[in-house]
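Below is one structure, written out as structure tokens; comments come after it.
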Amino acid sequence: MADRLDERGAPKFTGFSFTFETGEGVRFRHDGKGCPVAYLGEAHYERAHAEADSGTP
């Protein structure tokens, strides 16, 4: 409902995600792997580790 009242102030999601890569740090992605940049809960955050290309750092 708040988004309808204040559409310009509503959060926008980019579709980008991120993973934590060994020797690199954070890698921003657009292939759907990892944790969404805007996320709710720890399950999504854990995907940043679990779906990294370099394995769990």
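What you see is a predicted model, and the numbers here were worked out from it, not measured in a lab. In this chain, numbering begins with 1 at the start of the sequence shown.
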Shortest non-hydrogen contact between Ser17 and Gly34, atoms and distance: CB-C, 4.2 Å
Nearest atoms (heavy-atom pairs only) where Phe18 meets Val26: CB-CG1, 3.9 Å
Nearest-0.5 Å distance that lies between atom CZ in Arg29 and atom CG in Asp53: 4.0 Å
Any pair counted as salt bridge (charged side-chain N to carboxylate O under 4.0 Å, His left out), so long as it reaches residues 34-45, sequence neighbours left out: none
Residues that Arg47 engages under salt bridge (Lys or Arg N to Asp or Glu O under 4.0 Å), provided they are two or more places apart: Glu51
Partner residues of Glu46 under the salt bridge (Lys or Arg N to Asp or Glu O under 4.0 Å) criterion, sequence neighbours left out: none
Those residues that, when tested against Tyr39, pass ring-ring contact (aromatic ring centres under 6.0 Å, His included) (two or more places apart): Tyr45
Presence of salt bridge, Lys33 and Asp31, under 4.0 angstrom: no
